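Taking it in order: structure first as structure tokens, then the write-up.
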There are 2 protein chains.
Amino acid sequence: MAKPNIPDIVVSRLPLYLQTLNHLLREGEEVISSEELSEQVGIPAVQIRKDLSYFGGFGVKGKGYDIIHLIDSLRSILNLNQIWPMVIVGVGNLGQALIRYQGFARQGFEIVLALDINPKIIGTEIAGIVVQDVGLMESELKRSDIRIALLTVPANAAQSTADALVANGIKAILNYAPIILKLPEGVRVANIDPVLKLEHLTYYLS
Amino acid sequence: MAKPNIPDIVVSRLPLYLQTLNHLLREGEEVISSEELSEQVGIPAVQIRKDLSYFGGFGVKGKGYDIIHLIDSLRSILNLNQIWPMVIVGVGNLGQALIRYQGFARQGFEIVLALDINPKIIGTEIAGIVVQDVGLMESELKRSDIRIALLTVPANAAQSTADALVANGIKAILNYAPIILKLPEGVRVANIDPVLKLEHLTYYLS
DNA sequence: TAGATTGTTAATCGATTAACAATC
DNA sequence: TAGATTGTTAATCGATTAACAATC
């Protein structure tokens with residue numbers, strides 16, 4: 001399956017273009033040239049055009065890109081014309097903040113299931129979601145079509161939790177635990193570790 | 001100033017090596033070959049050796065790398081042999097979660113100043129930090145040596161807040177707002193936007 | 001039509017990887 | 001010494017960029 005010939009690094013830039021185009025649309029813009037978009041997004045115009053050309057021709061020569069049309073196209077390419085239900089495992093400080101975060105739903109990502117192992121947390125309600133026992137993972141995932149998980153458990157529980165998620169049909173994991181997960185082919189992982197980013201930054205702070 | 005000749009992509013991998021080496025050390029390992037490290041970190045052994053060789057020779061031919069020594073070396077390269085004080089601006093759900101997050105302090109990053117604009121939040125105490133009025137940014141930063149900021153304000157306040165931070169001596173920003181900041185040369189920005197990562201993942205979910 | 005801007009081909013640049021000498 | 005593994009040079013690979021034809 002899948003799209004074997006498009007570089008992943010190209011795909012990784014599409015959400016950035018989409019974010020910026022949404023911003024421009026909210027500001028009332030209707031058409032934009034690759035040069036103007038380049039200024040906003042900080043990526044060379046020729047690279048933007050090359051990236052888009054992998055998927056087709058979305059612009060009008062001499063004019064630029066119709067913003068609404070390009071947003072539609074990018075959303076379609078990225079499979080964003082649907083609501084993506086998500087499970088979150090680990091409802092500590094970070095998990096709670098993510099459940100409350102409005103930015104997910106705004107872009108079509110909805111946390112519909114929250115799991116934790118702590119009896120004090122199980123049963124509590126956060127932003128309309130009642131936290132379930134992680135022991136119910138199998139039954140809850142079985143009767144859902146959730147394919148994306150947010151992993152916010154402590155580092156020492158992350159690998160085993162990820163394994164359980166994958167065993168129950170999860171295909172993509174946004175991993176907030178500071179470890180490298182080992183998962184089978186076909187499962188996509190994206191890591192969010194602010195400490196790694198900070199350590200990268202400090203290299204440049206003399 | 002700075003190190004002009006080492007590719008940024010090489011620098012970006014060093015924190016990953018460090019994280020894995022710390023993990024191995026905790027498990028009682030003392031020496032590791034680039035091949036074994038490669039398996040743990042998911043990066044080819046030859047690339048690990050090449051990356052390290054930009055900074056010197058840290059291994060022993062025929063043996064591998066002394067883990068403690070390599071950790072020390074990487075920490076020194078990344079300027080981690082000090083506590084980095086940080087300011088956080090925006091103490092909403094996410095800001096509060098980050099203030100409570102133990103992972104920063106564990107790696108030598110300490111939030112010492114928290115600022116917000118909301119009168120209901122100003123004055124509250126979170127994990128030992130009393131939230132200050134963002135209007136005090138200038139005076140508070142002036143009498144500190146804080147060079148790193150965590151930016152967790154709403155998107156529409158992010159650019160102006162970042163400008164103010166930079167005007168008061170901040171040199172590195174970990175940006176949690178879903179916008180691209182425009183900042184002067186010499187200020188480093190790292191973006192943490194989970195939505196962009198999710199949109200990248202969904203591309204591969206057929 | 002003239003001007004502007006896209007989409008694409010070809011060249012360049014830089015990163016990854018293969019090969020292997022050095023050496024513990 | 002023989003075996004193992006590093007560190008480095010050179011080759012390869014892939015991504016970025018320059019140039020420009022196409023065309024609105």
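Computed from a predicted structure; not experimentally measured. Letters A, B, ... are given to chains in the order of the sequence lines, protein chains preceding strands, and every chain is numbered from 1.
Ring planes of H200(B) and Y204(B): tilted class, angle from 30 to 60°.
At a threshold of 4.5 Å between non-hydrogen side-chain atoms, the residues L181(A) and Q159(A) count as touching. Using a 4.5 Å heavy-atom cutoff, the side chains of L165(B) and V187(B) are not in contact. For the pair V189(A) and N191(A), the minimum side-chain heavy-atom distance is below 4.5 Å. Proximity of Q19(B) to I180(A): side-chain heavy atoms (C-beta onward) are separated by under 4.5 Å at one or more points. Side-chain contact check for V153(A) versus L151(A): some heavy-atom pair is nearer than 4.5 Å. Residues L21(A) and I32(A) have side chains in contact (heavy-atom distance under 4.5 Å, counting atoms from C-beta outward). Proximity of Q96(A) to N93(A): side-chain heavy atoms (C-beta onward) are nowhere separated by under 4.5 Å.
With no hydrogens or angles considered, no side-chain donor-acceptor pair links D51(B) and Q47(B) at under 3.5 Å. N168(B) and E140(B) are not linked by any side-chain donor-acceptor pair at a separation below 3.5 angstrom, with hydrogens and angles left out of the test. In the model, E36(B) has a side-chain atom that pairs as donor or acceptor with a side-chain atom of S33(B) under 3.5 Å.
Other residues, nucleotides and ligands place more than 12 heavy atoms under 6.0 Å from the CD atom of E29(A). Within 6.0 Å of CD1 in I68(B) there are 12 or fewer heavy atoms belonging to other residues, nucleotides or ligands.
Near DNA chain C, meaning a heavy atom under 4.0 Å away, there are no residues from residues 21-36 of chain B. Contacts between residues 39-49 of chain B and DNA chain C, defined by a heavy-atom separation under 4.0 Å, are made by P44(B), V46(B), Q47(B). Using a 4.0 Å cutoff on non-hydrogen atoms, the parts of residues 57-69 of chain A near DNA chain D are V60(A), K61(A), G62(A), ordered by number.
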Taking Watson-Crick (N1-N3 plus N6-O4 or O6-N4) and G-U wobble (N1-O2, O6-N3), each under 3.5 Å, can you produce the dot-bracket string of DNA chain C? Use [ ] for crossing pairs and | for inter-strand ones. ..||||||||||||||||||||||
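Residues meeting the ring-ring contact (aromatic ring centres under 6.0 Å, His included) test with Y17(B), sequence neighbours left out: none.
The span of DNA chain C lying next to chain A, judged by atoms under 4.0 Å from heavy atoms, is bounded 5' to 3' by dA4(C) to dT9(C).
Judged purely by atom type and a 3.5 angstrom limit, W84(A) uses its side chain to pair as donor or acceptor with the backbone of N79(A).
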